[in-house]
There are 2 protein chains.
Amino acid sequence: MRLSDSIEQFIKELLNEESTEVELKRNELAEYFGCAPSQINYVLATRFSPDHGYLTESRRGGGGYIRIVRVVQAGSQRLMYLVNDRIGDSLEEEECLRLISQLKEQRIVTADEAALMASVISGRALAVPVPDALKNAMRAKMMKSMLMTIAARNRD
Amino acid sequence: MRLSDSIEQFIKELLNEESTEVELKRNELAEYFGCAPSQINYVLATRFSPDHGYLTESRRGGGGYIRIVRVVQAGSQRLMYLVNDRIGDSLEEEECLRLISQLKEQRIVTADEAALMASVISGRALAVPVPDALKNAMRAKMMKSMLMTIAARNRD
DNA sequence: CATTCTCTGACTATCTTTGACCTATTGAGT
DNA sequence: ACTCAATAGGTCAAAGATAGTCAGAGAATG
């Protein structure tokens, strides 16, 4: 079996038993599997990306760590549908607003949060000299990023 | 756990129980934690800066001390200061994160909102081929836009 | 074979901790 | 008042401890 698959499986077992998040030391893990530390980054990038339903955060320096949070779960199906299927690589402002408004009606986000989301993807907030096509690409990424964050808290 | 984190936590507990300010002896604290005195300065610089919502003052010589004050400010006042003075035309990701974290500590935004804000200004959310200078200009606008939205509901 | 996926290593970036040296304040002795 | 020793805290650079990035070699796949 491939090294990457072993590491992936190892991490997923930790996530199953313990809960929805694990914290590990990159160097320790690499030593355990007898591989280069950067291999761990490869596994994170290819198997624990947001598109796979995971969020990661890390710190360097003494006492550094890597934390992996599993986001995909029952209650957030609607959100994961939006992230994985509904939203593509580009999204116009009007469409963003429609989605946000739907989420509010469905009580997935509060009115305050909806207002926050709407304000940040607005034309006013993105008023810099960048082509519209790129702005819409950013809107798609911004929306996905926010929805993932919301999904990460709705773990039920 | 990191030494710096322990010291940070220790000081924050003092600030919670007693009031909005504490006075400490640098050398005593260093001895208590068994570290170099300058370690204390490091903790103050990285975790109790004005951006983190704290002010510090100190005196040298006999009877010297370090005083740490947690800044309390009305929500809308704080937000308007950020929008009008603190945030200019450009803001790096790290600086955004510092401000967001401070707003959370001061209970001006909820933890959920802070997470939402952090996710949308992150490098991941803005990963399109646009120069960093422009991304930072956008971050400034995005932050202002979000803060104004929050201010619009915080009538205090 | 060509392509795509894995894996490594050299280089880089970031965070923490310490120690040597510097500056300010106080108080005793003159 | 003046001086100096004792007592604080401040600064900064260097070392230590982690993690990230990226190009290219190697392996698997179709």
Side-chain angles (χ1 to χ4, degrees), chain A residues 1-12 21-52 54-69, chain B residues 1-12 21-52 54-69 92-98 101 118 122-129 132 135-136:
Chain A
M1 183 187 256
R2 278 200 272 325
L3 219 202
S4 289
D5 291 340
S6 302
I7 299 174
E8 174 188 9
Q9 196 181 324
F10 180 83
I11 295 175
K12 287 190 169 162
E21 67 181 84
V22 252
E23 190 172 303
L24 17 94
K25 310 284 257 180
R26 190 180 77 148
N27 288 350
E28 278 181 11
L29 194 56
E31 188 162 7
Y32 179 71
F33 282 99
C35 65
S38 56
Q39 178 69 24
I40 307 301
N41 296 86
Y42 176 71
V43 173
L44 293 182
T46 57
R47 289 138 160 99
F48 293 92
S49 74
D51 281 355
H52 287 91
Y54 296 86
L55 295 175
T56 60
E57 57 178 311
S58 64
R59 282 192 73 171
R60 307 183 187 191
Y65 60 81
I66 294 177
R67 194 200 318 279
I68 305 170
V69 182
Chain B
M1 185 190 253
R2 274 193 284 300
L3 219 201
S4 290
D5 290 341
S6 303
I7 298 174
E8 173 188 9
Q9 198 181 323
F10 180 84
I11 295 175
K12 286 191 170 162
E21 68 180 83
V22 252
E23 195 170 299
L24 310 156
K25 308 285 260 180
R26 189 179 78 149
N27 287 348
E28 278 181 13
L29 194 56
E31 189 162 6
Y32 178 71
F33 282 100
C35 65
S38 55
Q39 178 73 25
I40 307 302
N41 296 85
Y42 175 72
V43 172
L44 294 182
T46 56
R47 288 132 160 102
F48 292 92
S49 72
D51 272 1
H52 286 91
Y54 297 87
L55 296 176
T56 60
E57 51 180 314
S58 63
R59 284 197 65 162
R60 309 183 185 189
Y65 59 84
I66 293 178
R67 195 200 317 277
I68 305 170
V69 182
E92 291 180 358
E93 176 170 358
E94 291 70 32
E95 199 142 20
C96 286
L97 294 178
R98 267 198 295 279
S101 144
S122 74
R124 181 166 55 79
L126 304 185
V128 296
D132 279 351
K135 283 186 190 172
N136 287 335

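The sequence lines fix the lettering, A, B, ..., with proteins before strands; numbering per chain opens at 1.
A:F48 and A:E8 get closest at one heavy-atom pair: CZ-O, 3.8 Å.
In terms of the side chain to side chain contact (heavy atoms under 4.5 Å, CB included) criterion, residue partners of B:T46 (sequence neighbours excluded) are, by chain and number, B:Y42. Applying the side chain to side chain donor-acceptor pair (under 3.5 Å) rule to B:Q39 yields the partners B:S4; only residues at least two apart in sequence or on another chain are considered. For B:E28, the side chain to side chain contact (heavy atoms under 4.5 Å, CB included) criterion is met by B:K25, not counting sequence neighbours.
If you check every strand for non-hydrogen atoms under 4.0 Å, B:R47 touches sugar and phosphate atoms only.
Here the CG-CG distance, from A:L29 to A:L24, works out to 5.5 Å after rounding to the nearest 0.5 Å.
Look at CD1 on A:I7: it is 12 Å from C1' on C:dT8, rounded to the nearest Å. When the C1' atom of C:dA13 is taken as reference, atom CD of B:E92 falls 14 Å away, rounded to whole Å. Atom-to-atom, CG of A:D5 to P of D:dT29 comes out at 10 Å; the value is rounded to the nearest Å. Rounded to an integer number of Å, the gap from A:R26 CZ to C:dT12 P is 15 Å. In this structure, A:I66 atom CD1 and C:dT14 atom P are separated by 16 Å, rounded to whole Å. Atom CE in B:M1 sits roughly 15 Å away from atom P in D:dT18 (whole-Å rounding). The CD atom of B:E94 sits 13 Å away from the C1' atom of C:dC15 (whole-angstrom rounding). Atom CG in A:L29 sits about 16 Å away from atom C1' in D:dG20, given to the nearest Å.
Listed nucleotides: D:dT18, D:dG9, C:dT6. Nearest to the side chain of B:K25: D:dG9. The side chain of A:N27 approaches D:dA19 more closely than any other nucleotide in the set D:dA19, D:dG10, C:dT16.
Looking only at distances, a side-chain donor or acceptor of B:R2 sits under 3.5 Å from a matching main-chain atom of A:G63.
Residue pairs meeting the salt bridge (charged side-chain N to carboxylate O under 4.0 Å, His left out) criterion with at least one member in residues 54-67 of chain B, sequence neighbours excluded, are B:E21-B:R67, B:E23-B:R67, B:E57-B:R67.
The phosphate of C:dC15 has neither OP1 nor OP2 within less than 4.0 Å of any side-chain N or O from B:S4.
Contact of the A:N41 side chain with the A:R26 side chain is registered, since non-hydrogen atoms from C-beta on lie closer than 4.5 Å.
Within a heavy-atom distance below 4.0 Å of DNA chain D, the residues of residues 32-46 of chain B found are B:S38, B:N41.
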Just the table, please: protein N/O against nucleotides 25-29 of chain C N/O, every pair under 3.5 Å.
residue: C:dT25; atom: O3'; partner: B:R59; partner atom: NH2; Å: 2.8
residue: C:dT26; atom: OP1; partner: B:R59; partner atom: NH2; Å: 2.8

